[in-house]
Structures are given as C-alpha cells and as structure tokens.
Amino acid sequence: MQHKGIYLGLSTLALLTLAGCGAKSSSNGGTAKYAAKQELNWTVSSELAANDIPKATDTLSFTVLQNTQEGLYRLNKAGTPKNALATSTKVTNGGKTYTFNLRKNAKWSNGQPVTAKDFVYSWQRTLAPKTASQDAFYLYQVKNAEAVNKGKKPLSSLGIKADGNYKLTVNLTKPVSYFKKLLAWPLFYPVNQKAVDKYGKAYGTTADKTVYNGPFRLTKWNGTSKSWTLAKNATYWDKSAVHLTKINEQVTESTTTSYNLFNSKKTDETLLNGQQVKNNKNNENFVKRLPTGSQRLDLNEKKVKAFKNVNVRKAFSAAIDRNQLVKDVLQDGSVASKGFVPAGMGNNPKTGEAFNQEASVNSAVSYNLKKAKQLLAKGYKESGTKSINATLSVSDTDSSKQVAEFVQSALEKLPGVKISIKTVPFVQLITQQNNGNYELTFSGWQSVFADPINFLDVFESNSSYNTTGWKNSQYDQLLDESENQDGNQPTKRWAKLVAAEKVLMNDQGTIPLYQQAQSQLLRKNVKNVVYNPAGVPYDFKLTYIAK
C-alpha cells in the first residue's frame, strides 16, 4: 500500500477551506446575526498550481478542490468521515468490499446529475498511464489499480463498478482501516466526463474550463492569476447550508504585504512570520496552531555525486542548528524536528508513546559542528570528493528565503562547501521538484490523516515523490510488511513503522528541519473555523458574523 501525503512546500502550510453554514453561530451561543455582506477577502502565499484532481499535489490546489468539488464523504470537526454524496455504506468481504448508495439530488454546475459513473471515470482517469498522475499510487489499495497504472491491465479491470446511476461498489486488495478517510480527500472525488471530453487537454487549466459539484465554483482564474474568487455554487445539492456568497483570494508572497492589507481592513486574514508573531500575541484576532506537517532539506543524489555518501549527508544534517533556526529565525512557535514524521501522527497502540518520540534518532537531528566536519572529511575521502558546490532551490516566500539564508550560512561552515540560493515561484518549484531538477531543496509534507505511513512511504524506492535518489531495501521491506503483512496486527505494524523511521534517519535519507507553526490574524467575526490535522479548515462551518 502506498498513500502519499500531498502537501508540498513552505509556502502552502496555512491555506483555508472556506465554506459557510446557514444557521446561527454556535460559538456565539446562537445569538449573533450574520453580517449583511457575506463576502470574505483572503490572502494565500502562493499561486494556484492545479484545478484538476489528478494533477494536484500541493495544499492550495487540494484546498480549492475541497471547496469546489465533493466526494463520498466529508470530514467533521473530529476528523471523522461523514456522508456527503454517499447516503449509506456497506462494508463486506472482510473489509475489502465497499458498497455505496449515492444521493440522487446532486448536480454538476453544467446541470448534469452526479452519478456512480463519475467516480468510476475519475478513478480510471487518475490511474490511466497517459494521465501521469503523481498521486496515482494513492489508489493502489483498489483491486488491480497498480496494474492498471502501469499499463499491465485495462482500465475496465479496476476494482470500482457502477451499478446504475446511484450505486457504487469498490473492491480493495486488502482491508484498509482508514479507507473512508481517504475517500474524503479530493483524489477520490468524481469527475464529469462530459466536461473533460468538451475541453480536452484544456480541462482544469482555467476556472471556466472546469465543472463543479461542491459548495463553491472557482471564478476569475486564468491559470496563472494572482487572484481568484470562490463563488457560491447555485447547483450544489446543499446550497441552502452554504451561507457565504463569495471568497476573494489574493496571492501575497510576503507576509508584510498581507499584514498591511489586514491592518488596513482590506482582508479578513493574514499569516504571520517572525516578529509579527511576537507583536500580535495579545491581539484578539491572533490564532496559532501546530499542523501535522514537517519541513525538510532534500539532497539530490542524482545531481550531486557526494550526496550518495552517507557521511556527507550526516555532516550536512549535523551542521544545522534546528533549535536556533526555530527560535532566532522563524520565531513563530515552530518546533525543531525529532525526525521525519512530526508530532501528532499517532501513538503506540500498546504503550501510548507518541511516534515521533519512540522513533527519534537523536544523532540525525542534533547540531554538532565539530562532528559534522569529521563526518564530512570522512565522506570526502570515501566519495573521492574535495569540495561541494551546490544550489539550494526554494520558493520565493519570506519564510523560505529566511530559512534558506540560515541553512546556507550553516552549511558553509563546513570545509569546501559552497551553497548558492535560487528562489523561484512556488508553482515552478513544484515542477522542478517533481522532475528532480534540483541539487538541494526544501520540501514540506503534511498529513492526509494521522498515521506515520502517511509520511514514511514518501521515501519508498518506487515513490514518485522520492526524487532524491535515496533507496534502502530494508526500509522498503519494513513498510511493505507493515501494510501488507501486519495490517490487521496494530502492535507489529507499529513496530515496523518505528523501525523504518530509524532506518531513514540513521541513513539520513533526508534532513528533517522543523514542524512549522501556523500563526495568523483572523477577524473575530469570522466564526466556526474547524481545522483538520494539517491545519486546514475543511468543513461547512465558516461564517461571517455581524459585529
């Protein structure tokens, strides 16, 4: 089983799923009245990369899809899947067969009904080799999905079938305890074939070349826009429960810009960095949380020969003082990483110990410049290298630049190491990372649900997200056994996941940096914001209350 967390990049940690409900605000005791104008103005820190399900890989793209599309389930405030397009579900065959009855009043924005065939078409389209979806393997737990994706079996053999318009059957290769949570994620949403056939390759490239079945429609987006609008969808089956009429979103790579817009009352929210966090801790609008996401430094072994050497990788890791990074540079409550998997991703089913505590390898995340120099000298000798001149590619946001300068300074304290910084727009950086077109880069990963596997399988040898060239057969075997052999034995499975994390860290397959806090100013009259483990609001609870 391979299911990838899909949230990449330092610039997309705190993007919102915006929706409204038509009832009184429970957070105000049911007494507050709605503002006359139900329109929000929001800032985001990167451009929208994709508006097509199989092409989305970053937080913002999936957030927009959560707003504009809908699947079988939607998570509630406790992170529990609740019926959306599904009205009932029957699980049989030892947990390997799911039968869904679908609601009959759901429509696409082109007026067509949402049917079971739309799910079949969507999943087949994602897995079709010609689609080249980077997230296709997320569906591999569905019967024949991997063979279909690799061109070894026809699309028709995929384990998803429509029995008429409103009954859907899915067959899995094995029981997957968190399958319903996956179904609440946009990759598993339906797609309208008529629209794809109409627009061809242009489908999803602009707002008007997509159809929507969710609470909002994307508008005013031409594929590269620095701003766009989410407008209430008049064809949404539950439109009476959607209170907001419009959300205007504007890209502001700099929190200085978004902060000024907020203070001038031109926006209703802003992310905060560094000194802004300190200055606003007592602000009534201040909100802070620690999403289940990790930030790391990836070393591309395919581009820089020396990075193939474990001691070189360990030297780079030991040269970075993570505590200084979070305290003196970020200054926003971020926490130094204990490993690749962050806090909040589950606890030992027998002892209750948190995964990031139990699996921590102290030497892989500790600062020791003297040791780093010794490791590098050893690595130079083993790899036949005398110096390293590499480029660090990062997005053009404030926080990315600040972290890059800190890491550059830290690594250049090592003998013979020269680091150049290259800043590029986030959407461009995603493409470069996906293509392995970098030497060093910052990558972020956020959870779809709280389980260590949601992070660990990023670095499996055959993972499309593992573009560093790092491979370890023991690591692959541990993950394979944890999912395919011990899936129904929680204690054994857990032990192998812990062991896998230790292999990754002992071999320094990647260099974890920090778990980034999300601090923002959110106007107090914006109510009922419900967050999932990734720190992203997702439910129909956001309302604008009159002051």
Side-chain angles (χ1 to χ4, degrees), residues 3 52-55 65-66 68-74 81-131 133 135-149 151-176 179-200 203-204 210-214 235-238:
H3 65 271
D52 187 7
I53 286 172
K55 298 178 182 178
L65 289 168
Q66 283 178 314
T68 60
Q69 308 291 353
E70 188 163 74
L72 294 165
Y73 300 112
R74 187 173 287 273
K82 295 297 182 181
N83 285 343
L85 294 180
T87 58
S88 65
T89 304
K90 185 178 181 180
V91 183
T92 56
N93 190 25
K96 293 194 291 185
T97 299
Y98 285 70
T99 303
F100 307 94
N101 288 310
L102 308 184
R103 65 176 59 259
K104 299 178 180 180
N105 60 336
K107 291 184 178 181
W108 294 100
S109 56
N110 63 1
Q112 286 196 308
V114 180
T115 69
K117 294 177 183 177
D118 295 323
F119 285 92
V120 175
Y121 173 72
S122 177
W123 293 18
Q124 289 181 347
R125 179 171 177 256
T126 295
L127 286 163
K130 66 179 182 180
T131 302
S133 171
D135 285 318
F137 43 72
Y138 234 124
L139 289 151
Y140 279 8
Q141 61 266 34
V142 179
K143 185 178 179 180
N144 293 329
E146 184 172 5
V148 168
N149 188 229
K152 296 179 179 179
K153 287 191 176 183
L155 294 177
S156 60
S157 69
L158 184 64
I160 179 172
K161 304 294 180 184
D163 182 9
N165 287 332
Y166 302 106
K167 187 175 182 180
L168 183 71
T169 302
V170 175
N171 287 302
L172 305 181
T173 60
K174 59 183 179 296
V176 180
F179 187 59
K180 287 185 178 181
K181 291 185 179 180
L182 289 179
L183 294 175
W185 179 43
L187 188 68
F188 292 81
Y189 288 2
V191 169
N192 181 262
Q193 184 174 0
K194 182 177 181 180
V196 177
D197 290 342
K198 177 180 179 180
Y199 297 118
Y203 179 82
T210 314
V211 295
Y212 309 96
N213 75 333
T235 63
Y236 180 53
W237 70 271
D238 199 22

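Scope of the values below: all heavy atoms of this structure, side chains included, with no hydrogens, waters or symmetry mates. Fair warning: this is a prediction, and the values are worked out from it, not measured in the lab.
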### Stepwise side-chain hydrogen bond (donor to acceptor under 3.5 Å, both in side chains) check, D52 with Y203
CA-CA 7 Å; D52 187 7; Y203 179 82; 5.1 Å; no

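- Considering CD1 of I160 and OG1 of T169, their distance stands at 9.0 Å, rounded to 0.5 Å.
- To the nearest 0.5 Å, atoms OH (Y166) and CG (L85) are separated by 11.0 Å.
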Listed pairs under 3.5 Å, donor-acceptor, residues 105-116 side chains, sequence neighbours left out:
residue	atom	partner	partner atom	Å
W108	NE1	D118	OD2	3.0
S109	OG	Y212	N	2.8
N110	OD1	Q112	N	3.1
N110	ND2	N192	OD1	3.1
Q112	OE1	N192	ND2	2.8
T115	OG1	K117	N	3.4

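- For N213 against P190, the heavy-atom pair with the smallest separation is ND2-CG, 3.8 Å.
- Looking only at distances, no side-chain donor or acceptor of R74 sits under 3.5 Å from a matching main-chain atom of K82.
- Distance alone, capped at 3.5 Å, is enough to place a donor-acceptor pair between the N144 side chain and the S157 backbone.
- Checked by atom type and distance alone, the side chain of T87 pairs as donor or acceptor with a backbone atom of N101 at under 3.5 Å.
- Rounded to the nearest 0.5 Å, atoms CG (D135) and CD1 (I53) are 11.5 Å apart.
- Residues V211 and A195 come closest through the heavy atom pair CG2-CB, 3.6 Å.
- Nearest heavy atom pair, residue K161 against residue V120, reads C-CG2, 4.0 Å.
- F179 CZ to K96 NZ: the interatomic distance, rounded to the nearest 0.5 Å, is 13.5 Å.
- At least one side-chain heavy atom of V170 sits less than 4.5 Å from a side-chain heavy atom of W123.
- The OG1 atom of T97 lies 7.5 Å from the CG atom of L172; values are rounded to the nearest 0.5 Å.
- The two residues Y189 and A184 come nearest to each other via the heavy atoms OH-O, 3.1 Å.
- Using modelled atom types, no side-chain atom of T131 and backbone atom of T126 make a donor-acceptor pair closer than 3.5 Å.
- In this structure, the separation between OH on Y236 and CD on Q69 is 11.5 Å, given to the nearest 0.5 Å.
- Using the six-membered ring where Trp is involved, F100 and Y98 have ring planes that are parallel, under 30° apart on the 30 and 60° scheme.
- When every heavy atom of P175 is checked against every heavy atom of G94, the shortest pair comes out as CG-O, 3.3 Å.
- For the pair L139 and F188, the tightest heavy-atom approach, listed with the atom from each and the gap, is CD2-CE2, 3.2 Å.
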